[in-house]
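Take a look at the structure set out below.
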Amino acid sequence: MCELLRINTDRGVMISDGQTRFSKDGKPIYHFVGTSTFSEYTVAHSGCVTKIDPQAPLDKVCVLSCGISTGLGATLNVAKPTRGSTVAIFGLGAVGLAAAEGARLAGASRIIGIDLNPSRFNDAKKFGVTEFVNPKDHDKPVQEVIAEMTDGGADRSVECTGNVNAMISAFECVHDGWGVAVLVGVPNKDDAFKTHPMNLLNERTLKGTFFGNYKPKTDLPSVVAKYMNKELELEKFITHQVPFSEINKAFDIMLKGEGLRCMITMGH
């Protein structure tokens, strides 16, 4: 959220001098979101680099730089479910499964996964998801289905799809009096969130988060430590691996929704 370093996909140059650090045939090659990691060597602003445990395997902890930390932190830092509580997770991609992993680490007793793609349900069990709901299987809004399953609503919900209707469902499915809903998914620019104000007056809380409320430079080393002391499993998030020459295959896997994270190795 830092004013200087916040994500800006249009910038493409270094902050200090407004210039690029790469060029080819005299033409600039622009920087991407402050990191430009599709190269063996890069130049980054010091605020975009953090020092981690030198023993940590980079081919595993690299997934913490985006997505996994977002979902994990959305649950642990923002939703903060108590031990034995019920958590609903909307969207079972990598971010949603990281949110489920956070709920598992927090000791939630029921973790309900909501997704339109039933093929994701089996794998989600590895991340602590205990029950599944496919909204297409029901003829009433999914928030009503969850309220019935949970005797009035989930204690916490985490929305990881970016679909505005799922965001509304995630908010409306939490229990009145104490329920907290956390929005993680990025909406379309024209979306509007609509709900009856009574849902707020009835003591539900709606929160949003960016990068799971972790401050990358200061907090990422502690997330790496969670992996190193075996609290957090990262291997299960890495479903594919391709050499850099096949980077387009990695994009195909992502667009088809076939994997969670695809590792790209810099090799010849």
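We're numbering straight along the sequence, starting at 1.
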My understanding is that only one of N77, L220, V184 makes a side chain to side chain contact (heavy atoms under 4.5 Å, CB included) with F211; could you say which?
L220
Kindly check if the number of other-residue, nucleotide or ligand heavy atoms within 6.0 Å of OH (Y30) is above 12?
no
Counting only N and O atoms by type, is there a donor-acceptor contact under 3.5 Å from the side chain of R204 to the main-chain atoms of N199?
yes
What pairs of residues pass the salt bridge (charged side-chain N to carboxylate O under 4.0 Å, His left out) test when at least one of them lies in residues 93-120, not counting sequence neighbours?
E101-R104, E101-K236, R110-E131, D115-R120
Decide whether Q241 and T265 meet the rule of one side-chain donor and one side-chain acceptor closer than 3.5 Å.
no
Parallel, tilted or perpendicular: which describes the rings of F251 and F38, with under 30° parallel and over 60° perpendicular?
perpendicular
Without swapping roles, check the side chain of S36 against the backbone of H31 for a donor-acceptor pair under 3.5 Å.
no
At what distance, to the nearest 0.5 angstrom, does OG1 of T209 lie from CD of E159?
12.5 Å
State whether the side chain of T86 and the backbone N or O of D155 hold a donor-acceptor pair below 3.5 Å, judged by distance alone.
no
Could you measure the distance from the CD1 atom of I264 to the CG atom of D59? Nearest 0.5 Å is fine.
13.5 Å
Donor-acceptor pair, H240 side chain versus M254 backbone, under 3.5 Å?
no
So OG1 of T50 and OH of Y214: to nearest 0.5 Å the spacing works out to 13.5 Å
Side-chain (D176) to main-chain (E203) donor-acceptor, under 3.5 angstrom
no
Kindly give the cluster partners of I112, where membership spreads through any ILVMFWY side chain lying under 4.5 Å from a current member.
F90, I114, V133, V142, V145, I146, M149
Backbone N or O of P221 within a donor-acceptor pair of the K51 side chain at under 3.5 Å?
no
For K226, does the NZ atom have more than 12 heavy-atom neighbours from other residues, nucleotides or ligands under 6.0 Å away?
no
For the backbone of A181 and the side chain of K207, can you confirm whether one donor and one acceptor N or O come within less than 3.5 Å of each other?
no
Suppose we screen for salt bridge (charged side-chain N to carboxylate O under 4.0 Å, His left out). Which residues come up paired with K126, at least two apart in sequence or across chains?
D123
Starting at OG1 of T195, measure out to CD1 of I168 and round the result to the nearest 0.5 Å.
7.0 Å
Can you check whether T35's main-chain N or O pairs, donor with acceptor, with T42's side chain at less than 3.5 Å?
yes
